[in-house]
Amino acid sequence: MYKTVEDSPISKYEISRKRIVQTLELIQDLIVISLCMGLFTFMVIQVRDMFFSLLPPLDFHTVTADILFLLILVELFRLLIIYLQEQRISIGVAVEVSIVSALREVIVKGVLETNWSQILATCAFLLVLGIILVVRVWLPPTFEGIDPEQAIAKRLKNRVKSELAESNGN
C-alpha cells in the first residue's frame, strides 16, 4: 500500500549514479597513480643523467638546467600526490610549478640572448602568477570538509524525500 523511500526510483537512481561515480573516481585515481609511477621513474633517470653531467668537463649551464628541471618534476609529483590525497588540484603548487618553469626557460636561454619582448612577456606572466599566489591566501578554502555543492545537494535530497514521504502518507 505504502511505498518506502528506499523503493522509490530516485533512490535506485542515486545508488547507481553513486556506483558509477565511484568507479570513475577509481579509474581516475589509477590513472593518476600510473602518472606518479611514470614521473618518479623519469625523475630517477633524470637524477642519474644529472650526476653524469657533473663529471668533468663540467658545463655549468647544463647542470643548472638539469637541477631546475628536476625541481619542476618534484613539484609536479607533489601536485599529483596532493590530488590523490585531497581529490583537488592545489592552486599554490600549480602556480609554483609555473613560476619555476618560466624562470628555468629564462635561465637556460640566458637573459642577454633573449628578445626583450619575450622578457617583458615573461615578467608580466610572473607578475600575474605572483598576484594569484597572494590572492589565493584570501580565498576561503572550500575543500576542508565543507563543499557548498554537497550541502545544496543534500538539502535537495532531503526535501525530495520529505515530499515523497508526505505524498505517500496522504
Straight-line distance of Glu105 CD to Phe125 CZ, nearest 0.5 Å
11.0 Å
Which heavy-atom pair separates Ser53 from Leu58 by the least distance, and what is that distance?
O-CD1, 3.7 Å
Are any non-hydrogen side-chain atoms of Gln28 and Tyr83 less than 4.5 angstrom apart?
yes
Starting from the C-alpha separation in whole Å, work towards a yes-or-no answer on side chain to side chain contact (heavy atoms under 4.5 Å, CB included) for Ile99 and Leu133.
CA-CA 10 Å; Ile99 289 172; Leu133 274 179; 3.8 Å; yes
Taking atom CE of Met43 and atom SG of Cys36, what is their separation to the nearest 0.5 Å?
9.0 Å
With a cut-off of 6.0 Å (strictly less than), are more than 12 heavy atoms of other residues, nucleotides or ligands near CG of Leu84?
yes
Spacing of Leu24 atom CG and Arg19 atom CZ [to the nearest 0.5 Å]
14.0 Å
I'd like to know whether Ile119 forms a side chain to side chain contact (heavy atoms under 4.5 Å, CB included) with Cys123, so could you lay out the CA-CA distance, the side-chain angles of the two residues, the decisive distance to 0.1 Å, and finally the verdict.
CA-CA 6 Å; Ile119 296 292; Cys123 288; 4.2 Å; yes
How far does CG of Leu79 sit from CG of Leu35, to the nearest 0.5 angstrom?
11.0 Å
What closest approach, in Å, do Leu129 and Val95 show between heavy atoms, and which atom pair accounts for it?
O-CG1, 3.5 Å
Could you state the interatomic distance from CG (Asp29) to CD (Gln22), rounded to the nearest 0.5 Å?
11.5 Å
Specify the closest pair of heavy atoms between Phe77 and Leu39, including all atoms of both residues, with the distance to one decimal.
N-CD2, 3.4 Å
Indicate, with yes or no, if Leu120 and Ile131 share a hydrophobic cluster defined by side-chain heavy-atom contacts under 4.5 Å among Ile, Leu, Val, Met, Phe, Trp and Tyr.
no
For the atom pair CG (Leu73) and CG (Asp66), what is the distance rounded to the nearest 0.5 Å?
10.5 Å
Of all heavy-atom pairs between Val100 and Leu68, which one has the smallest distance, and what is that distance?
CG1-O, 4.3 Å
Which heavy atom of Glu113 sits nearest to which heavy atom of Lys109, and what is that distance?
OE1-O, 3.2 Å
